[in-house]
Amino acid sequence: MLLPAGVRIDGDSGSVTPSTGSYAKRLGDLAGLYRDKAAFEALVANGDPLAYEVIDYRWKDSDLAFGTTVMAPGKVGDEYFMTRGHFHERRECGETYYTQSGEGILLLQSRDGETRTVEMKPGICAFIPPDWAHRSINTGTNKLVFVWHCATDAGHEYGEILEKGMRKLVVERDGRPEVIDNPNFMR
Ligand code: PAN
Ligand code: ZN
């Protein structure tokens, strides 16, 4: 039987105690995500930095799961460090992203191609409706830490975003983040 629990989440480090698992993505695990291939290869060759870590509190017998994503600051060319981005396999499942520290942009894209952004900063809990692809982007100079919360069996569908990209990119222009059309987006 699952028992109630109080799980400590540190909003600065993103640690989850106790947690049930975690994984880390280095930049080299994210081939194909960034348009500046030369900048990408140079960073991977030069220490292959940690891009983000996901720590979860997830039990298969529970309908709910939550955890943190901890994103390093950085850029590949003019694109900020980002997550892969995905739809959920179960299309009826939404999610929340509650930012704890740092700043970023949550980029969302509906199944029929509408695009939205939601600011990520402490105090903002982003609502991700069912069947909107979501990618978080660390536009700050510190870690971006957020708590996510979704159905345990929502599942991740990465294929479409990986193959086609997203319609928008978040790039640095004059020291500021700017959302632009992705010239390489494949319809
Ligand atoms: C999050 C994401 C996490 C990493 O837990 O999975 O931020 O992003 P990618 O999975 O897109 O690389 C979530 O949205 N779960 O559903
Ligand atoms: Zn998700």
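In listed order, ligands and their atoms are each counted from 1.
In summary, the side chains of Glu95 and His149 do not present any donor paired with an acceptor at a separation below 3.5 Å, with no hydrogens or angles considered. Side-chain atoms of Thr20 and Asp56 include a donor-acceptor pair closer than 3.5 Å. For Tyr52 and Arg84, the side-chain atoms include at least one donor-acceptor pair closer than 3.5 Å.
Taking distance alone, with nitrogen or oxygen atoms compared against 3.5 Å, Ser136 stays at or beyond that limit from ligand 1. Among the atoms of Val54, none of the N or O lies under 3.5 angstrom from an N or O of ligand 1.
Of the protein's non-hydrogen atoms, the one nearest atom 14 (O) of ligand 1 is Tyr97 OH, 2.5 Å. When only non-hydrogen protein atoms are considered, atom 10 (O) of ligand 1 lies nearest to Tyr158 OH, 2.5 Å. The shortest contact between atom 6 (O) of ligand 1 and any protein heavy atom is with His156 NE2, 3.3 Å. Annotation: atom 3 (C) of ligand 1 to nearest protein heavy atom, Thr69 OG1, 3.4 Å. In terms of protein heavy-atom proximity, atom 8 (O) of ligand 1 is nearest to Thr83 CB, 3.4 Å.
Against a heavy-atom cut-off of under 4.0 Å, His134 is close to the following atoms of ligand 1: 14 (O). For ligand 1 and Tyr52, the ligand atoms under 4.0 Å from any heavy atom of the residue are 4 (C), 9 (P), 12 (O). Each of the following atoms of ligand 1 lies closer than 4.0 Å to a heavy atom of Gly85: 11 (O).
Using a 4.0 Å cut-off between charged nitrogen and carboxylate oxygen, Arg90 and Asp131 do not count as a salt-bridge pair. Looking at Arg111 and Glu160, a side-chain N of the basic residue comes within less than 4.0 Å of a carboxylate O on the acidic one, giving a salt bridge. Between Asp181 and Arg167 no salt bridge is recorded (no basic side-chain N to carboxylate O distance below 4.0 Å).
Counting only protein N, O or S atoms, 4 lie closer than 2.8 Å to the Zn ion (ligand 2).
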Margin query: Checking Arg35 against Asp78 for the salt bridge (charged side-chain N to carboxylate O under 4.0 Å, His left out) test, could you report, in this order, the C-alpha distance in whole Å, the side-chain angles of both residues, the deciding distance, and whether it holds?
Written below: CA-CA 9 Å; Arg35 62 180 174 160; Asp78 62 0; 2.7 Å; yes
Next item on the list: Apply salt bridge (charged side-chain N to carboxylate O under 4.0 Å, His left out) to Arg116 and Glu114, showing your working.
Entry: CA-CA 7 Å; Arg116 291 283 190 285; Glu114 264 194 75; 3.0 Å; yes
Next item on the list: Could you please spell out the steps behind the ring pair (Phe, Tyr, Trp, His ring centres under 6.0 Å) verdict for Tyr97 and His134?
Entry: CA-CA 10 Å; Tyr97 278 10; His134 41 290; 5.8 Å; yes
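Considering each of Glu95, Glu53, Met82, the one bringing a non-hydrogen atom nearest atom 16 (O) of ligand 1 is Glu95.
The hydrophobic cluster containing Trp132 does not contain Leu169, counting ILVMFWY residues as joined when their side-chain heavy atoms lie under 4.5 angstrom apart, directly or transitively. In the hydrophobic clustering of ILVMFWY residues, with side-chain heavy atoms under 4.5 Å counting as a link, Leu33 and Phe81 come out together. When the side chains of ILVMFWY residues are joined at heavy-atom separations under 4.5 Å, either directly or via intervening members, Tyr57 and Trp148 end up in two distinct hydrophobic clusters.
Residue contacts with ligand 1 for Phe146 involve side-chain atoms from C-beta outward but no N, CA, C or O (heavy atoms, distance under 4.0 Å). When non-hydrogen atoms are compared, ligand 1 lies under 4.0 Å from neither the backbone nor the side chain of Lys25.
Contact annotation: the side chain of Leu106 approaches that of Ile128 to within less than 4.5 Å [non-hydrogen atoms, C-beta and beyond].
Heavy atoms of His88 come nearer than 4.0 angstrom to ligand 1 in at least one pair.
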